[in-house]
Amino acid sequence: MKLDFVHIADIGSHVGREVTLKGWLYHKRSSGKIHFLQFRDGTGTIQGVMAKSEVDQGTFELGEGVTQESSVMVRGLVREDKRAPSGYELTVKSLEILQLTQDYPITPKEHGPAFLMENRHLWLRSSRQHAALRVRDTIEQAIHGFFHREGFIHTPAPILTPTACEGTTTLFQTDYFGQPAFLSQSGQMYIEATAAAFGKVYTFTPAFRAEKSKTRRHLTELWMVDAEASFFEHAENMQCQEGMVCAVVERVLNDCQAELKTLERDTAPLEKIKGPFPRISYKEAVELCNKAGVQIEYGEDFGAPHDTAIAGSFDRPVFVDRFPTSIKSFYMQPDPQDPTVVLGSDLYATEGYGEIIGGSQRIHDLDLLLKKMEEHKVPYEPYKWYVDLRRYGSVPHSGFGIGIERTVCWICGLSHIRESIPFPRMLEKIYP
RNA sequence: UCCAGCGUAGCUCAAUGGUAGAGCUCCCGGCUGUUAACCGGGUUGUUGGAGGUUCGAGCCCUCCCGCUGGAGCCA
């Protein structure tokens, strides 16, 4: 596409030429007879220098009056300059103000999280937020790329569903032509069906959790990638997860150095993310916790301090598998060696970022699934279609789900999940 | 749902129970290499709300509202 203006990201290929930029005034410093005008256009930022001796009086006054976040069109000469962080500067020849902004709320000074969240629609323009969401985009692209290279087909799961996936978790309810419907909390069961149709599949869909969780790790609306593969057993499932995580980290390190620098992310821990990841059993994890001084009984589920103790013992993500049947979902395949545990795994990220993936081999035996449903008091009628998958050409199959926002937090080194998505939906918060 | 902390200027925060302040934003002036620029001057208040104790409450007490973090649950 041929445009009559250039993007800042491409500025390096226009050195020595006069170009037009369209964007916003990010920041300004002035020194009497010279203005330093920081422009941004979404692709990057560049400093424009406007000297009084080099422009006419009207232009210089425009430079003096232009305010933070005014939309502008600027024409100038591109130069290389060692003093500029990006290596390039613009000698401004003319400036047109498309709209003069008055009293932009987010100043270059400090602000609290409540104020910034009230102004999330504007906060997105700030460099840190901009960088994190660009990394998010790269992560999403890397995931799509990985699955397609591995022969997975994207089969979206529905968001409006007639029943709860796992029954226990709180769901958002809505009205569907007079019938109750629920916003999906996972696409997993639906892609077990598409996996039987296409072999290897994934879905990249929002998931909704109405739990009253109020921490820096929780959203009520989050994005999940669920993958499912026919004929994959527990070991292949973990291998696939490991491959995906490595591909994502590698891609971000390759494409997002500037963003990681803006985020002040230490990339050394990320450079170490290479397979194979350690694999320990739930039993070993319990022993590890108790040895580390974080008490836990065999049979209890891990809490936040246990996550930290487990993940803190490794410099790569770690799989914990073979959880007691009692603390996991009804559809997980029991371990043939020890039916009191299931062939399910959680993957913990490094540096205390917690669980990012949960996966398991699913029960493929019809009678066993029916028995487990009865034990867990899962009603048959709404799940008849799910049981059918075990009735018509059932095969061993496995899958997993990865939380996008937690992955973004981990890779970007963010301290709060609200910065990992443009418009976070948190407990009782839905503005803007 | 439970626990903890916090609500003072547009923003970030001060203020022994005794006259409500600073920095920044913004406005005016100065400065030709600034990087959250700097220097000088100026504008800015129903101290979240209601009630109470007190000669006197931003500060103490009660209730309510809002915000932030954590627990549980999870990704």
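Below, chain A is the first sequence line, B the second, and so on; all start at residue 1. Note that the structure is a prediction, hence the values are computed from the model and not measured. Basis for what follows: all heavy atoms, side chains included, without hydrogens, waters or symmetry-related copies.
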Asks: P atom, B:G10 versus B:C2: distance in rounded Å?
Replies: 34 Å
Asks: From the set B:A75, B:C31, B:C26, return the single nucleotide nearest to any side-chain atom of A:Asp103.
Replies: B:C26
Asks: I want to verify a distance call: between B:C31, B:C74, B:G69, whose nearest atom is closest to the A:Lys214 side chain?
Replies: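 Closest of the options to the side chain of A:Lys214: B:G69.
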Asks: When the C1' atoms of B:A9 and B:U25 are considered, how many whole Å apart are they?
Replies: 11 Å
Asks: How many whole angstroms separate atom CE of A:Met117 from atom C1' of B:G66?
Replies: 16 Å
Asks: Could you tell me the Watson-Crick or G-U partner of B:U44, where both distances fall under 3.5 Å? Say none if there is no partner.
Replies: none
Asks: Which nucleotide sits closest to the side chain of A:Arg418: B:U68, B:U32, B:U34?
Replies: B:U68
Asks: Specify the separation, in whole Å, of atom CG of A:Leu427 and atom P of B:G69.
Replies: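 It is 11 Å, rounded to the nearest whole Å.
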Asks: By nearest atom, which of the nucleotides B:U34, B:C74, B:A71 is closest to the A:Arg406 side chain?
Replies: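 Shortest atom-to-atom distance from the side chain points to B:C74.
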Asks: For the P atoms, the ones on B:C11 and on B:G7, what distance do you get once it is rounded to whole angstrom?
Replies: 14 Å
Asks: Which residue, A:Leu219 or A:Pro305, contacts RNA chain B at a nucleotide closer to its 5' end, judged by nearest heavy atom?
Replies: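 Here A:Pro305 is the residue nearer the 5' end.
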Asks: Which whole-number value in Å describes the distance from A:Ile34 CD1 to B:C31 P?
Replies: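 It works out to 14 Å between those atoms.
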Asks: Roughly how many Å is it from CD in A:Glu221 to C1' in B:C74, rounded to a whole number?
Replies: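 Answer to the nearest Å: 17 Å.
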Asks: How about A:His144 and A:Phe204: are their ring centroids closer than 6.0 Å?
Replies: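 Ring centroids of A:His144 and A:Phe204 are less than 6.0 Å from each other.
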Asks: Tell me the interatomic distance from A:Ile327, atom CD1, to B:G72, atom C1', rounded to whole angstroms.
Replies: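 Rounding to the nearest Å, CD1 of A:Ile327 and C1' of B:G72 are 15 Å apart.
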Asks: On a whole-Å scale, what distance lies between the P atoms belonging to B:G45 and B:G29?
Replies: 24 Å
Asks: Scan every strand shown for a Watson-Crick or G-U wobble partner of B:U62, both distances under 3.5 Å, and answer none if you come up empty.
Replies: B:A50
Asks: Would you please indicate if the ring centroids of A:Phe302 and A:Tyr282 are separated by under 6.0 Å?
Replies: yes
Asks: Please determine, for the side chain of A:Ala51, which listed nucleotide (B:U32, B:A75, B:C67) has the closest atom?
Replies: B:U32
Asks: Please pick, from B:A75, B:U34, B:G70, the nucleotide with the shortest atom-to-atom distance to any side-chain atom of A:Arg216.
Replies: B:G70
Asks: Centroid-to-centroid, A:Phe423 to A:His121, below 6.0 Å?
Replies: no
Asks: Can you check whether any acceptor in the base of B:U34 is under 3.5 Å from a donor in the side chain of A:Ser30, or vice versa?
Replies: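 No.
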Asks: Quick check: on RNA chain B, is the nucleotide nearest A:Val49 upstream (toward 5') of the one nearest A:Thr107, or the reverse? Name the residue that is more 5'.
Replies: A:Thr107
Asks: State the pairing partner of B:C38; accept Watson-Crick or G-U wobble contacts with both distances under 3.5 Å, and report none otherwise.
Replies: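 WC or wobble partner is B:G30.
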Asks: Contact class for A:Ser53 (heavy atom, under 4.0 Å): base, sugar-phosphate, or nothing?
Replies: base
Asks: In this structure, is the centre-to-centre distance between the rings of A:Tyr190 and A:Trp385 below 6.0 Å?
Replies: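 For A:Trp385 and A:Tyr190, the ring centres are under 6.0 Å apart.
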Asks: Applying a 3.5 Å limit to both distances, which nucleotide forms a Watson-Crick or G-U wobble pair with B:C74?
Replies: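 Checking every strand shown, B:C74 finds no partner, since no pair has both distances under 3.5 Å.
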Asks: Measure from the side chain of A:Phe115, starting at C-beta and using heavy atoms only, and say which of B:A75, B:U34, B:U12 lies closest.
Replies: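 Nearest listed nucleotide: B:U12.
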Asks: Could you tell me whether A:Gln38 contacts a base, only the sugar-phosphate backbone, or nothing, with contacts defined as non-hydrogen atoms closer than 4.0 Å?
Replies: nothing
Asks: Rounding to an integer number of angstrom, what distance separates B:U12 and B:A36 when you compare their C1' atoms?
Replies: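 13 Å, rounded to whole Å.
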Asks: Counting the atoms with a prime plus P, OP1 and OP2 as sugar-phosphate, which does A:Ile357 contact under 4.0 Å by heavy atoms, base, sugar-phosphate, or nothing?
Replies: sugar-phosphate
Asks: Looking across every strand, which nucleic acid part, if any, lies under 4.0 Å from A:Ala304 by heavy atom: base, sugar-phosphate, or nothing?
Replies: sugar-phosphate
Asks: Looking at B:C11, does its base get a donor-acceptor pair with the side chain of A:His111 below 3.5 Å?
Replies: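 A donor-acceptor contact between them is absent.
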Asks: Checking base pairs now: Watson-Crick or wobble, both atom distances under 3.5 Å. What partners B:C13?
Replies: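 With both distances under 3.5 Å, B:C13 matches B:G21.
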Asks: With a 3.5 Å cut-off and heavy atoms only, can you find an N or O donor on one side and an acceptor on the other between the side chain of A:Ser213 and the base of B:C73?
Replies: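 Checked by distance alone, the answer is yes.
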Asks: Considering only the C1' atoms, how many Å lie between B:C13 and B:C6, rounded to the nearest integer?
Replies: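 The answer is 13 Å between these two C1' atoms.
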Asks: Determine whether the aromatic ring centres of residues A:Phe147 and A:His154 are separated by less than 6.0 angstrom.
Replies: no
Asks: Suppose we define a pair by two distances each less than 3.5 Å, Watson-Crick or G-U wobble; what does B:A4 pair with here?
Replies: B:U68
Asks: Kindly say whether A:Ile8 contributes a backbone atom to a donor-acceptor pair with the side chain of A:Asp41 at under 3.5 angstrom?
Replies: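 Looks like yes, one N/O pair under 3.5 Å.
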Asks: For A:Phe330, is the NZ or CZ atom of A:Lys372 found under 6.0 angstrom from the centre of its six-membered ring and inside 45 degrees of the ring axis?
Replies: no
Asks: Mind checking A:His218 for me? I need base, sugar-phosphate or nothing, with any heavy atom below 4.0 Å counting as a touch.
Replies: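 Contact class for A:His218: base.
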Asks: Base, sugar-phosphate, or nothing: which does A:Leu222 touch, judged by heavy atoms less than 4.0 Å apart?
Replies: base
Asks: What is the distance, to the nearest angstrom, from the CG atom on A:Asn119 to the C1' atom on B:U12?
Replies: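 The answer, rounded to whole Å, is 15 Å.
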Asks: Taking the six-membered ring for Trp, are A:Phe152 and A:Tyr202 ring centroids under 6.0 Å apart?
Replies: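 Between A:Tyr202 and A:Phe152, which both carry aromatic rings, the centre distance is not below 6.0 Å.
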Asks: State whether the distance check finds a donor on one side and an acceptor on the other, under 3.5 Å, for side chain A:Arg29 versus base B:C31.
Replies: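 Per atom types, no contact qualifies.
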Asks: Expressed as a whole number of Å, how far does the P atom of B:G18 sit from that of B:A57?
Replies: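 Rounded to whole Å, the distance is 11 Å.
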Asks: Determine the Euclidean distance between corresponding P atoms of B:G41 and B:G23; express it in Å to zero decimal places.
Replies: 10 Å
Asks: Rounded to whole Å, how long is the line connecting atom CE of A:Met426 with atom P of B:C67?
Replies: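 Spelled out: CE on A:Met426 to P on B:C67 is 11 Å.
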Asks: What does A:Asp301 touch in the nucleic acid at a heavy-atom separation under 4.0 angstrom: a base, only the sugar-phosphate, or nothing?
Replies: sugar-phosphate
Asks: Tell me the interatomic distance from A:Glu54, atom CD, to B:U32, atom C1', rounded to whole angstroms.
Replies: 10 Å
Asks: Quick one: is A:Arg217 getting a side-chain N or O under 4.0 Å of the B:A75 phosphate, OP1 or OP2?
Replies: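 The answer is no; no side-chain N or O of A:Arg217 sits under 4.0 Å from OP1 or OP2.
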Asks: For the salt bridge (charged side-chain N to carboxylate O under 4.0 Å, His left out) test, which of A:Arg406, A:Arg279, A:Lys328 pairs with A:Asp346?
Replies: A:Lys328
